[in-house]
Amino acid sequence: MNIEKFLTEKATQAVTALYGAVDPALVQIQKTRKEFVGDYTLVTFPLLKTSRLSPDATAEAIGVWLAANVTEVSGYNVIKGFLNISLADSFWAARFSDISADYGRLPATGRTVMVEYSSPNTNKPLHLGHIRNNLLGYSVAEILKANGHRVIKANLVNDRGIHICKSMLAWQLYSGGETPESSGLKGDHLVGKYYVEFDKHYKAEIKELMAAGQSEDDAKRNAPVMLAAQDMLRKWEAHDPEVYGLWQKMNGWVYDGFEQTYKALGVDFDKTYYESNTYLLGKALVGEGLEKGVFKKRDDGSVWIDLTPDGLDEKLLLRGDGTSVYMTQDLGTATQRFAEEKLDDMIYVVGNEQNYHFQVLKLILSKLGYAWADNITHLSYGMVELPEGKMKSREGTVVDADDLVADMVETAREMSASTGKLDDCTPDQADQISRMVGMGALKYFILKVDPRKTMLFDPKESIDFNGNTGPFIQYTHARIRSILRKAAEGGIEYLNAPAPASYLPEEVALVKQLVDFPAVVAQAGEQFSPAVIGAYVYELAKTFNGYYHDHSILKEPDQAVRAMRLQLASKVARVIRSGMQLLGIEVPERM
RNA sequence: GGUCUCGUAGCUCAGUUGGAUAGAGCAUCAGAUUUCUAAUCUGACGGUCGUGGGUUCGAGCCCCGCCGAGAUCACCA
């Protein structure tokens, strides 16, 4: 049940009974702040025109009416125009028993939503920026599932183009036939190594040509390796067997590498698209746009759309030689997906550097008359910056995804070893827990920040394991599970126990927080924000830790109270687990 | 230059459609363990919410100017 909605209705009835008809939008119910007594608060200021009384008098009158007419309301107080309403313990006890195993799974909506994320280039390994993308995409997909949508997780692999040819060429020229097997390097790292190698030789050649008297622009154009790479791209497009074979071989290495990284990150996809298959899509749309008069052809044969009336620029859609550009492809794939997958919504998890691209994409689609253009969302996330600014591959400041993951797991292992808590674990169990905790720290660190905002990562200060962190939440879960294990060992039955005579304020507070979970899931879904879930789960864990500190569960002598506390703890653990699952974070049974 | 985003404690971040005395964590300092896991808990310190106006009963949030940071405006993807 939605308590705020319930109280809004009741308060509207109260105002209507006391003062006559009122616009329900003016009846504002919100949670009571911690420093005041009460559960929910009615703000009376918007109602003063209706009541024609002072704020306090209005609040008092409504309070009297609610206390007399609504059985769930156990009391009220008035402070400076705010009416704080308290609900009865019996009401909260009923809400408590509502909390089921699948709490936080919202009813099915019948909508199909595609979430595209990750979308890597196959010329270099994944880095910290990709980690944010992958974690966000996966989590948002899980959150949308919990909101009752059918979700398709999609990955569009950028596996063709000049940048791929650069790695291929450099490998051909300088590797001596090195393979992942012969070098022991992960496939994506090996290919990335030759992408860097290309750049080194390219730069050297530019320098030489400039020393021989060419201008910088000419040198960049005429450098032999660049010409060779471009030649290779033409051969690839012509399906030259040798080039095509090399391309398949090297991309295969990269996919093996990516697969390992995805597995370590715990992300997956329902569909993988390859740009080599889709880059010709969209050309049909060009004809359609020309027919509708939305696009215009120039004398050189290139096709454009003029978006200056919308405050944007002119945008190219087809080159003079008839080849398509990024925008054309994206228009094509979007159209294809909505048709083939019968999508209701499409979410692109792509960095905010592409805000303009998606603005233009949506605008063109709506100009072409596709109503579903409005159902495209660009989930535009902020960059991850280092203390010295942006990551730059040239300056070697890129934080590699695989390295970071390994570091986190290793740190978690050292932390566990120093406490001695895993001493009686098998090596396998210890590995498992270190992995969960290390990844939990990394994932929570990234996901707790509002996706839209630029965030800072300081490698030197390494990610925390105390305070507002993943491990803090995991630890709370592990402690609860430990109590429940001990209860089971002691043969304590708590599931079907009678309700206790009364509840502590801390217990009611926990129930209130638990009851919020479905609304939090809904809010996270509306805002595409894992951070909303993170903040909620952290607060819940913190509240429980305070309660745990002050009140013993297993040593409570009153059996009904003890049973209730065990139930409460078990529900807290379950909601923590569910919430963390929406973030893609596992919670251990012990740590 | 045009468009867009951001600016909250020393640092990293929260702050619901505008509501009460702006909150956490880290760091610093002081405490708590004969106890169900101290990766925990309690307390202290720390703020002209970039800045100047405006709207409102009420502004961190809405509007305008300015300062500062970033992104983007490719026949790259």
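What's counted below: heavy atoms across the whole structure, side chains too, no hydrogens, waters or symmetry copies. Residue numbers begin at 1 in each chain, while the letters A, B, ... track the order of the sequences.
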Nucleotide nearest [X] (side chain, heavy atoms from C-beta), chosen from [options]:
| X | options | result |
| --- | --- | --- |
| A:L316 | B:U72, B:C75, B:A77 | B:C75 |
| A:E275 | B:U40, B:U72, B:A77 | B:A77 |
| A:T32 | B:C36, B:A20, B:C41 | B:A20 |

Among all residues two or more places apart in sequence or in another chain, which pass the side chain to side chain contact (heavy atoms under 4.5 Å, CB included) test with A:Q359?
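For A:Q359 the side chain to side chain contact (heavy atoms under 4.5 Å, CB included) partners, ignoring immediate neighbours, are A:L312, A:Y356.
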Does anything in residues 519-539 of chain A reach RNA chain B, meaning a heavy atom under 4.0 Å, and if so which residues?
A:Y538
Students often get this wrong, so: under 4.0 angstrom with heavy atoms, is A:S416 touching a base, only sugar-phosphate, or nothing?
base
Counting any heavy atom closer than 4.0 Å, what does A:N123 reach on the DNA or RNA strands: base, sugar-phosphate only, or nothing?
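Counting heavy atoms under 4.0 Å across all strands, no contact is made by A:N123.
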A correct dot-bracket answer for RNA chain B, with pairs being Watson-Crick or G-U at under 3.5 Å, [ ] for crossing pairs and | for inter-strand pairs, is (((((((..((((.....[...)))).(((((.......))))).....(((((..]....))))))))))))....
For A:Y356 and B:A71, is the gap between ring centres under 5.5 Å while the planes differ by less than 30°?
no
Inter-nucleotide C1' distance (B:C4, B:A38), Å rounded:
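Between the two C1' atoms, the distance is 48 Å.
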Under the side chain to side chain donor-acceptor pair (under 3.5 Å) test, residues paired with A:Y444 that sit two or more places apart:
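A:Y444: side chain to side chain donor-acceptor pair (under 3.5 Å) contacts with A:N468.
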Looking at A:E9 and A:K5, is there a salt bridge between them, counting it only when a charged N and a carboxylate O are closer than 4.0 Å?
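Looking at A:K5 and A:E9, the cut-off is not met.
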Between A:R452 and A:D450, does at least one N-O distance fall below 4.0 Å, as a salt bridge requires?
yes
Identify each atom pair where a protein N or O and an N or O of nucleotides 56-59 of chain B are less than 3.5 Å apart, giving names and distance.
none

Under 3.5 Å between N/O atoms: give me all the protein pairs with nucleotides 10-13 of chain B, atom names plus distance.
| from | atom 1 | to | atom 2 | distance (Å) |
| --- | --- | --- | --- | --- |
| B:C13 | OP1 | A:L456 | N | 2.6 |

Among A:K31, A:K512, A:K34, whose salt bridge (Lys or Arg N to Asp or Glu O under 4.0 Å) with A:D39 holds?
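Going through the options one by one, the only one that passes is A:K512.
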